[in-house]
Amino acid sequence: MTATRPENVPDLPTQYAPAEVEAPLYESWVERGYFTADADSPKPRFAMVLPPPNVTGSLHIGHALGHTLMDVIVRRKRMQGFETLWLPGMDHAGISTQTLVERHLAETEGKSRHDYTRDEFVAKVWEWKEEYGGQILGQMRRLGDSVDWTRERFTMDAGLSVAVRTIFKKLYDDDLIYRAERIINWCPRCLTALSDIEVDHSEDDGELISIRYGDGDESIVVATTRAETMLGDTAVAVHPDDERYRHLIGKPVKLPLTNRRIPIVADEQVDPTFGTGAVKVTPAHDPNDFEIGQRHHLPNVVMMDERGNITVPGPFEGLDRFEARSAVVAALREERRIVAEKRPYRHSVGHCSRCETVVEPRLSLQWFVRVASLAKAAGDAVRDGRTTIEPASLAPRYFEWVDNMHDWCISRQLWWGHQIPVWYSPSGDDVVSLGPGEEPPPGWTQDPDVLDTWFSSALFPFSTLGWPDETADLKRFYPNDVLLTGYDILFFWVVRMMMFGLYAMDDVPFHTVVLTGLIRDQFGRKMSKSKGNTVDPLDWMDAYGTDAVRYTMARGANPGTDVPVGEEWVAGSRNFCNKVWNATRFALLNGATVSGTLPRELVGPDAWIMSRLQTVITEVDELYERYEFAKAADLLYHFAWDEVCDWYVELAKISLAGPRADVTRRVLGEVFDALLRLLHPIVPFVTEALWTALTGGESVMVAPWPTVDPDRRDEAAEAAVSAVQAVVTEVRRFRSDQGVKPSDSVPARLAGPAGWETEVRSLARLKEPGDGFAATASFTTGGGVTVELDLSVDSVARRARLAKELAAARKEYEVNAAKLANEAFVDKAPAAVVEKHRARLAAAESDIARIEAALAALPS
RNA sequence: GGGCGCUUAGCUCAGCGGGAGAGCACUCGCCUUACAAGCGAGGGGUCACUGGUUCGAUCCCAGUAGCGCCCACCA
């Protein structure tokens with residue numbers, strides 16, 4: 001701060017205060033329209049899909065990761081001159097929202113959904129949405145998301161509803177949607193069907209009960225984990241080649257606890273090696289049994305209602321499925337029909353992904369998407385490279401899913417959602433699907449069910465752009481360029497967008513799928529409420545600033561891998577922001593400027609840092625193109641801190657006091673201008689505050705992305721500074737070993753590195769030898785620079801250091817000597833490698849000589 | 001049962017054929033006039049184990065032992 005303070009320089013505090021800086025910036029960006037895409041712009045375009053958060057949601061740490069990375073991508077593209085569109089939206093989230101509003105109504109009005117008509121209830125949900133929904137949108141602003149708010153959409157809004165009806169009718173007319181009675185996953189608590197992927201499987205403790213059906217020679221033992229479903233058995237199946245049971249095939253057997261007799265059938269599906277090799281068949285309550293039932297024309301006996309209560313008349317009627325299980329087992333035990341019981345028996349059990357209730361396979365009339373052709377197309381698009389998955393290692397997961405996909409159950413027994421656009425004639429015999437604006441004949445009634453939430457989410461990449469209308473946006477921004485999302489919703493969403501995008505638009509919805517990992521805690525553990533290790537990103541933003549949170553996210557994001565985060569890391573990121581703040585503050589206080597010509601020829605540190613900058617720009621670009629966020633963040637961190645702050649700023653302090661001060665002021669301006677622009681996508685707020693202060697420009701957001709100037713590369717300058725760094729570090733090590741205080745300036749004589757003596761003296765705190773200088777200590781650096789100092793030496797410390805260096809040098813010598821003594825190595829290794837080891841051997845040799853001489857010269 | 005991946009410094013992770021790296025943590029010394037949210041210096045690793053390929057392996061191959069994730073209709 002010794003330099004004269006330039007006029008009109010903003011007065012920056014010595015500590016970065018995020019709360020004061022961030023708040024006004026975001027709204028000013030929005031007001032100035034920086035986020036708004038222009039469909040008519042002549043610029044190349046870049047479009048990205050935002051995974052629409054649930055209307056019920058609030059920003060969690062996973063969003064913080066995804067949104068940060070997406071914002072990094074889109075901010076860089078914008079600076080690179082692309083017309084960027086990042087379209088925000090929300091998902092109506094059928095089951096979650098309905099459940100939440102039901103709970104809300106119970107609490108506030110003491111009423112249940114059934115106290116209202118369907119229309120009234122849906123109106124209540126909309127009221128709730130207006131009042132409480134969309135919290136996350138404000139939080140996205142806080143995080144800095146540069147989304148185009150003028151195009152915000154909601155999956156239940158009018159336009160998207162038109163898209164849903166349009167594609168439904170198209171699929172229906174193409175025979176790709178059908179209604180059928182199938183075994184589906186049913187949640188007895190949510191009272192709705194679920195798709196396969198809305199069921200989570202876990203290994204639970206159950207029981208395996210072996211039951212004797214029939215008596216005497218014609219009896220047969222079956223094993224089951226669900227004893228209660230025997231009330232719905234309509235057969236026993238065995239493998240056709242199983243000698244043990246061949247004589248029983250086709251014969252009836254009496255079903256215990258009932259008056260029914262059921263046939264013993266032969267079916268290939270039975271595994272003769274499992275249990276007794278005989279299996280009870282309950283076609284209405286098990287998907288496998290249903291298939292067996294179809295093949296053998298067995299009746300479907302439904303023995304349970306939609307809540308999981310037994311409906312078979314008799315002693316078990318009215319019991320729920322779990323009560324019935326023990327009651328049935330007890331009754332069978334009474335009749336001495338239990339042959340074996342294994343408890344606990346661990347087996348896979350499906351749970352509702354929403355409420356964890358054990359899912360009940362249930363025979364039910366539902367709507368399905370026939371996925372075979374759609375999934376094939378989705379797979380082919382990735383196979384032939386029209387869409388690429390980053391990282392490629394996650395592509396097998398995608399293929400595994402699209403190649404083995406079951407038909408998708410899309411009907412849900414809910415009120416909140418897109419009602420299925422199908423109408424039935426009064427007799428129920430005729431069915432019609434109607435597109436938008438089409439009216440059903442009088443007296444026809446609409447199917448009461450709604451569509452799976454993911455049905456409308458799957459349309460997001462084009463429904464939000466106006467489809468089915470041929471809008472300017474749709475022509476301009478479809479297909480999108482990038483979709484970034486967590487690998488956990490690859491199946492839920494990515495695959496379905498691929499299917500519907502290819503079907504409706506005849507083109508992929510996006511060219512690149514970038515998959516991120518999941519957030520974990522600082523010990524790499526999954527975050528969960530039960531572990532108590534969850535974090536709220538907003539708390540961290542309050543404590544350390546948004547940029548610190550964003551930087552932490554970017555720094556952890558290696559492609560496709562999980563991202564551990566911890567509070568100390570956020571603090572470290574905050575420190576980095578503060579470092580950049582103060583370094584820029586230094587530049588400002590010393591008159592850094594971006595105006596005026598930068599001389600073609602630079603010398604000294606100015607030439608060096610400009611050369612390094614070119615390399616950094618090149619490397620950062622390469623990393624971003626490969627979605628290597630962690631490495632880009634790390635590279636910029638080290639360039640900013642280690643090179644710009646620790647060396648260039650210190651060297652600039654020297655030139656600012658000399659004749660080249662004006663050039664250095666200009667280079668300082670150039671370097672910080674570029675550095676702030678390079679950092680902006682990751683840490684938009686602090687860079688905006690600093691960049692506008694430094695340059696007086698409008699906004700770093702719309703400043704061009706730095707490009708490489710090859711003429712600024714200067715290998716000689718880089719080599720010179722490397723040599724200076726080596727000498728300075730050696731002198732500092734010597735001082736530290738010798739216990740010299742940092743503030744003590746030691747008289748010293750040195751020659752070299754040529755032309756850099758002033759810099760070395762300054763950085764190593766060595767002063768010119770005055771009258772009466774006595775060289776009481778000296779050493780020669782690895783680079784051959786001899787430094788003589790007026791200093792009394794602690795021989796013990798010095799000897800310890802030299803001994804350590806000598807050991808290292810000797811080891812280096814031996815390793816290289818051994819290699820070079822190996823004829824096979826010299827023969828077969830590339831010449832350059834051999835040469836390198838020769839050079840290392842020579843260096844080690846001279847180091848040994850130098851260190852031994854220094855040791856010998858030490859007083860004993 | 002299928003598929004994918006991991007094991008590198010105390011912790012979390014990069015590196016992936018020719019000299020073991022980062023952040024945090026740790027030790028010592030410093031309020032050196034941008035920054036103590038800082039500065040300087042330092043310590044710390046038979047790169048899970050066993051074989052193989054190679055002139056050369058943390059890196060490639062095989063096996064072993066742990067750990068993790070995803071998918072699947074095993075009663």
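Every value quoted in this text rests on a predicted model; they were computed, and no experiment measured them.
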Residue pairs fulfilling side-chain hydrogen bond (donor to acceptor under 3.5 Å, both in side chains) with at least one residue in residues 396-405 of chain A, sequence neighbours excluded: A:R383-A:D403
B:rU58 versus B:rG21 - spacing of their C1' atoms, nearest Å: 12 Å
Are A:E228 and A:R226 ion-paired here, with the side-chain N under 4.0 Å from a carboxylate O? yes
Cation-pi check for A:W569 against A:R520: NZ or CZ below 6.0 Å from the six-membered ring centre and within 45 degrees of the axis, yes or no? no
What does B:rG29 pair with, Watson-Crick or G-U, if both distances are under 3.5 Å? B:rC39
A:R295 bridged to A:D267 by N-O distance under 4.0 Å: yes
How would you label the contact of A:N816 with the nucleic acid (heavy atoms, under 4.0 Å): base, sugar-phosphate, or nothing? nothing
Please state how far atom CG in A:L820 lies from atom C1' in B:rG19, giving the value in whole angstrom units. 13 Å
Which whole-number value in Å describes the distance from A:Y16 OH to B:rC35 C1'? 15 Å
State the pairing partner of B:rC73; accept Watson-Crick or G-U wobble contacts with both distances under 3.5 Å, and report none otherwise. none
Would you check, one step at a time, whether the test salt bridge (charged side-chain N to carboxylate O under 4.0 Å, His left out) holds for A:R321 with A:E360? CA-CA 10 Å; A:R321 37 192 182 147; A:E360 189 60 42; 2.8 Å; yes
C1' atom, B:rU8 versus B:rG15: distance in rounded Å? 9 Å
In Watson-Crick or G-U wobble terms, with both distances under 3.5 Å, the base opposite B:rC11 is B:rG23
At 4.0 Å (heavy atoms only), tell me whether A:P361 reaches a base, stays on the sugar-phosphate, or touches nothing. nothing
When the distance from CG of A:D634 to P of B:rG15 is rounded to whole Å, what number comes out? 11 Å
Give, ordered by number, those residues of residues 546-561 of chain A having at least one heavy-atom distance below 4.0 Å to an atom of RNA chain B; if nothing qualifies, reply none. A:R555, A:N558, A:T561
Considering residues at least two apart in sequence or located in another chain, which fulfil the ring pair (Phe, Tyr, Trp, His ring centres under 6.0 Å) criterion with A:Y637? A:F576, A:W641
side-chain contact (heavy atoms from CB on, under 4.5 Å) involving A:P272 - partner list, sequence neighbours excluded: A:H239, A:D242, A:R244
Sequence neighbours excluded, which residues qualify as ring pair (Phe, Tyr, Trp, His ring centres under 6.0 Å) partners of A:W408? A:F500
Cationic tip of A:R801 within the cone over A:F779's six-membered ring, i.e. under 6.0 Å and within 45° of the normal? no
If you look at every strand shown and take non-hydrogen atoms under 4.0 Å, does A:K836 touch a base, only sugar-phosphate, or nothing? nothing
Nearest-angstrom distance, C1' atom, B:rC59 to B:rG17: 6 Å
Paired with B:rC55: which nucleotide, if any, by Watson-Crick or G-U wobble criteria at under 3.5 Å for both distances? B:rG18
Scanning all shown strands, the Watson-Crick or wobble mate of B:rC47 with both distances under 3.5 Å is none
Under a 3.5 Å distance rule, please check whether A:Y551 uses its side chain to pair with a backbone N or O of A:A633 as donor and acceptor. yes
OP1 or OP2 of B:rG42 sitting under 4.0 Å from any side-chain N/O of A:R733? yes
For A:N822 and B:rC55, what is the distance between atoms CG and P respectively, to the nearest whole Å? 10 Å
Salt bridge between A:D634 and A:R555, side-chain N to carboxylate O under 4.0 Å? yes
Tell me, for nucleotides 70-75 of chain B in 5' to 3' order, what letter each nucleotide earns: B for a base near a protein heavy atom under 4.0 Å, S for only sugar-phosphate near one, - for neither? SSSB-B
Electrostatic pair A:K811:A:E814 at N-O distance under 4.0 angstrom: no
Can you tell me, in whole Å, how much space there is between the C1' of B:rU33 and that of B:rG19? 41 Å
Using a strict 4.0 Å threshold on nitrogen-to-oxygen distance, state whether A:E812 and A:R840 make a salt bridge. yes
How far, in whole Å, is B:rC35 from B:rG40 if one measures between their C1' atoms? 15 Å
How would you label the contact of A:T729 with the nucleic acid (heavy atoms, under 4.0 Å): base, sugar-phosphate, or nothing? sugar-phosphate
What is the pairing partner of B:rC67, taking Watson-Crick or G-U wobble pairs with both distances under 3.5 Å in any strand? B:rG5
Looking at every strand, decide which applies to A:V281 at a 4.0 Å heavy-atom threshold: base, sugar-phosphate, or nothing. nothing
Distance in angstrom units between A:L518 CG and B:rC6 C1', rounded: 16 Å
Scan A:R525 against the nucleic acid and name what it touches under 4.0 Å (heavy atoms): base, sugar-phosphate only, or nothing. nothing
Checking B:rG40, B:rA22, B:rC13 against the side chain of A:P564 (C-beta onward), the nearest is B:rC13
Which residue lies more 5' along RNA chain B, comparing A:K631 with A:S393 via nearest heavy atoms: A:S393
Carboxylate-amine/guanidinium contact A:R343 A:E341, below 4.0 Å: yes
Classify the nucleic acid contact of A:E650 as base, sugar-phosphate or nothing, counting any heavy atom under 4.0 Å across all strands shown. base
For B:rU64 and B:rC6, measure between their C1' atoms and round to the nearest Å. 16 Å
Would you mind listing every ring pair (Phe, Tyr, Trp, His ring centres under 6.0 Å) that reaches into residues 823-845 of chain A, with sequence neighbours excluded? A:F825-A:H837
Over how many whole Å does the gap from A:F586 atom CZ to B:rA37 atom P extend? 21 Å
Hits for ring pair (Phe, Tyr, Trp, His ring centres under 6.0 Å) against A:H351, two or more places apart or cross-chain, chain-then-number order -> none
Write down the distance separating the P atoms in B:rG10 and B:rU27, rounded off to the nearest Å. 16 Å
Rounded to whole angstrom units, what separation is found between the CZ atom of A:F523 and the C1' atom of B:rC6? 20 Å
Ignoring hydrogens and angles, does a donor from either the side chain of A:R732 or the base of B:rG40 sit under 3.5 Å from an acceptor on the other? no
For A:K811, report the nucleic acid contact type (base, sugar-phosphate, nothing); a contact means any heavy atom under 4.0 Å. nothing
Could you tell me which residues satisfy ring pair (Phe, Tyr, Trp, His ring centres under 6.0 Å) with A:Y213, sequence neighbours excluded, listed by chain and number? none
Contacts under 3.5 Å, N or O only, protein and nucleotides 25-30 of chain B:
{"unit_1": "B:rC30", "atom_1": "OP1", "unit_2": "A:K741", "atom_2": "NZ", "d": "2.7"}

Euclidean distance, atom CD1 of residue A:I389 to atom C1' of B:rG5 [Å, nearest integer]: 16 Å
Euclidean distance for P, B:rC47 against B:rA20 (whole angstrom): 11 Å
Kindly state which residues belonging to residues 566-578 of chain A come within less than 4.0 angstrom of RNA chain B, counting heavy atoms of the residue only, listed by number. A:W569, A:R574, A:N575, A:N578
Any residue meeting side chain to side chain donor-acceptor pair (under 3.5 Å) with A:D827, in chain and number order, not counting sequence neighbours: none
Quick one: is A:K653 getting a side-chain N or O under 4.0 Å of the B:rA34 phosphate, OP1 or OP2? yes
